[in-house]
Amino acid sequence: MTSLTQQLVDALGIMVLGMGLVFLFLGILILGVELVARCLSRANEASTPSMSEQPMPALDSRLVAAISSAVHQYRASA
Amino acid sequence: MDGLMAFWAETGIAHFTPGQMLMMAVGGLLLYLAIVRGFEPLLLLPIGFGAVLANIPHAGFTEEGGMLYYAYHVGIETGVFPLLIFMGVGALTDFGALIANPKTLLLGAAAQFGIFATLIGAIALNLVPGFEFSMKDAAAIAIIGGADGPTAIFLASKLAPELLGAIAVAAYSYMALVPIIQPPIMRLLTTQAEREIKMEQLREVSKKEKVIFPLMVLGLTILFLPAATPLVGMFCLGNLMRESGVVDRLSKTAQNELINIVTIFLGLAVGSKLSAAQFLRQETLGILLLGAVAFGIGTATGVLMAKLMCKLSGGKVNPLIGAAGVSAVPMAARVVNKVGLEANQHNYLLMHAMGPNVAGVLGSAVAAGILLAVLG
């Protein structure tokens with residue numbers, strides 16, 4: 001009986017230790033993720049102007065028609 | 001006449017023991033659940049078939065030299081199969097939702113309480129005559145509460161190989177039963193108003209963050225919990241292959257062919273442990289009971305933690321997503337989504353639940369590492 005009580009006390013110890021460590025580990029991970037997010041967003045702010053949108057050159061409508069008809073013919077023959 | 005007698009002596013009918021027949025029936029039941037009811041068919045089908053094969057008299061599948069013997073010996077005793085599966089799961093996992101809202105890691109941590117509470121439960125069960133679980137047995141049983149098949153098999157193969165069959169069957173059965181076990185607990189612990197809470201849309205996560213994440217997890221494991229590196233390391237490898245974008249071929253193989261091949265052999269090898277001598281015992285009933293308790297407690301503590309976060313954040317967190325903190329990816333997240341939709345038809349919680357869901361995978365791997373470090 002005493003050994004069972006001892007085992008239960010051990011199990012309780014493992015529970016407290018285990019939950020503590022799980023929270024500690026994942027807690028540190030939270031800090032890490034937030035740190036990375038903050039660093040990257042700061043780096044992005046500095047570099048975003050270079051990512052300005054470039055207008056797509058308008059496609060010639062005759063070229064589009066030619067390509068789509070070629071695709072159709074290829075699909076029909078395949 | 002002698003020839004006929006010799007033939008008769010070699011038939012299955014002449015050698016069946018009642019235990020073998022019963023275990024074949026258990027195998028048949030698993031096949032039924034997989035095929036007709038659609039419960040985790042990818043695993044229960046090979047496990048069920050393995051159970052049938054393992055109980056054929058005079059077939060020698062599970063004796064030294066038999067195929068199932070080697071499948072178990074090579075893949076499970078060494079821990080290789082569950083680890084390969086974990087790599088595949090890593091390659092299948094998108095941490096985007098978690099990185100966008102890292103606080104959900106706390107939900108994945110809270111839900112691991114199911115594991116540690118069950119550890120005490122398993123020891124307390126020794127009060128009942130006929131049960132004699134050692135601390136290692138108890139830890140292997142408790143990990144069922146992590147709701148993660150490969151983790152459960154890995155830990156059981158290290159701590160309590162003789163209980164592996166029952167633990168694996170319990171783990172996968174309960175994962176299949178997530179849609180039945182979780183919703184009542186979730187409804188019990190939350191109010192209608194809480195279930196209706198809508199959550200803010202998650203921010204976009206950059207590729208860099210996704211690449212750094214597995215490396216960071218690995219780094220932390222190396223520093224604080226080397227015992228968890230087999231599980232976490234393989235998981236991070238799979239995830240890095242996915243997110244780095246430079247090894248698409250490897251990533252696809254890990255997600256599809258490799259995980260499928262390993263699943264077949266893992267299922268068969270686990271099924272081979274379902275022999276009458278090892279399964280038809282009082283302990284099995286205890287394991288099935290404790291597994292359900294572990295699952296329930298994990299769900300409850302996840303929801304309670306989410307309630308706390310809801311209070312602290314001023315009602316921005318829907319407490320339902322805490323239930324996804326037990327891993328069981330993606331089933332638990334889908335269940336959260338379903339219960340959320342019942343409360344509010346326009347409330348889609350799936351993406352928000354994926355955060356705690358993948359956090360649960362990490363949490364149970366960490367919990368397994370802790371149990372290994374303390375008891376292994």
Side-chain angles (χ1 to χ4, degrees), chain A residues 1-59 63-64 67-68 70-72 74-75 77-78, chain B residues 95 98-113 115-124 126-127 133-135 138-139 142 203 205-209 211-213 215-217 219-221 223-225 228 232 301 305 359 362-367 369-371 373-375:
Chain A
M1 203 59 207
T2 47
S3 74
L4 185 71
T5 343
Q6 185 55 44
Q7 272 187 315
L8 277 175
V9 172
D10 287 349
L12 198 70
I14 294 177
M15 183 176 94
V16 174
L17 179 79
M19 280 315 283
L21 284 174
V22 169
F23 268 103
L24 186 71
F25 190 91
L26 296 182
I28 297 174
L29 197 57
I30 293 178
L31 294 181
V33 170
E34 280 180 349
L35 197 72
V36 169
R38 206 162 297 166
C39 289
L40 284 182
S41 72
R42 199 167 297 162
N44 271 353
E45 272 166 28
S47 66
T48 34
S50 67
M51 292 280 289
S52 61
E53 294 159 35
Q54 289 171 346
M56 287 279 283
L59 283 174
L63 185 65
V64 172
I67 291 173
S68 44
V71 167
H72 274 295
Y74 175 75
R75 283 200 182 141
S77 69
Chain B
F95 279 111
L98 179 65
I99 299 171
N101 189 4
K103 290 196 182 67
T104 51
L105 275 166
L106 292 177
L107 300 174
Q112 307 313 319
F113 187 71
I115 294 177
F116 294 105
T118 309
L119 184 72
I120 295 183
I123 294 295
N126 286 345
L127 284 171
F133 290 130
S134 69
M135 195 61 92
R203 73 175 170 90
V205 172
S206 69
K207 187 187 158 186
K208 266 188 199 163
E209 286 173 88
V211 173
I212 292 172
F213 185 79
L215 294 172
M216 193 161 57
V217 174
L220 282 178
T221 320
L223 291 179
F224 297 107
L225 200 59
V232 177
T301 47
M305 184 74 189
L362 281 181
S364 48
V366 170
I370 293 168
L371 289 173
V374 178
L375 300 168

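All of these numbers come straight from a predicted model, not from anything done at the bench. Within every chain, numbering begins at 1; the chains are lettered A, B, ... in the order of the sequence lines, protein sequences first and strands thereafter.
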**Q** How long is the gap from CZ on A:Phe25 to CD on B:Gln112, to the nearest 0.5 Å?
**A** 12.5 Å
**Q** Measure the CE-CG distance between B:Met216 and A:Leu35 for me, rounded to the nearest 0.5 Å.
**A** 8.5 Å
**Q** Would you name the heavy atoms of B:Ser134 and A:Gln7 that are closest together and state the gap between them?
**A** CA-NE2, 4.4 Å
**Q** Side chain, backbone, both or neither: which part of B:Val217 has a non-hydrogen atom closer than 4.5 Å to chain A?
**A** both
**Q** Heavy-atom cut-off 4.5 Å, strictly under: side chain, backbone, both or neither for A:Leu40 against chain B?
**A** side chain
**Q** State, to 0.1 Å, how close A:Leu26 and B:Leu105 come at their nearest heavy-atom pair, and which atoms those are.
**A** CD1-O, 3.6 Å
**Q** Enumerate the residue pairs fulfilling salt bridge (Lys or Arg N to Asp or Glu O under 4.0 Å) with a member in residues 14-38 of chain A, sequence neighbours excluded, ordered by first and then second residue.
**A** A:Glu34-B:Lys103
**Q** Would you give the length of the straight line joining atom CD1 of A:Ile28 to atom CZ of B:Phe224, rounded to the nearest 0.5 angstrom?
**A** 4.0 Å
**Q** Let's test your reading of the structure: which of B:Leu223, B:Thr221, B:Leu362 forms the most heavy-atom pairs below 4.5 Å with chain A?
**A** B:Thr221
**Q** Among B:Gly219, B:Ala100, B:Ala359, B:Pro102, who wins on heavy-atom pairs under 4.5 Å with chain A?
**A** B:Pro102
**Q** What's the separation between atom CG in B:Asn126 and atom CG in A:Leu4, rounded to the nearest 0.5 Å?
**A** 6.0 Å
**Q** Can you measure from CD (A:Gln6) to CD1 (B:Ile123) and round to the nearest 0.5 angstrom?
**A** 11.0 Å
**Q** Which heavy atom of A:Gly18 sits nearest to which heavy atom of B:Ile370, and what is that distance?
**A** O-CD1, 3.6 Å
**Q** To the nearest 0.5 angstrom, please state how far the CG atom of A:Leu29 sits from the CZ atom of B:Phe213.
**A** 4.5 Å
**Q** Pick one of side chain, backbone, both or neither for A:Leu31, based on which atoms fall under 4.5 Å of a heavy atom in chain B.
**A** neither
**Q** Can you see which heavy atom on B:Arg203 is nearest to which on A:Ala37, and at what distance?
**A** NH2-CB, 3.5 Å
**Q** Hey, which of B:Ile120, B:Ile115, B:Leu106 has the most heavy atom pairs under 4.5 Å with chain A?
**A** B:Ile120
**Q** Given that the side chain runs from C-beta out, which part of B:Ala122 has a heavy atom under 4.5 Å from chain A: side chain, backbone, both or neither?
**A** neither
**Q** Which residues satisfy the ring pair (Phe, Tyr, Trp, His ring centres under 6.0 Å) test with B:Phe133, sequence neighbours excluded?
**A** B:Phe131
**Q** In terms of heavy-atom proximity below 4.5 Å to chain A, should B:Ile212 be classed as side chain, backbone, both, or neither?
**A** side chain
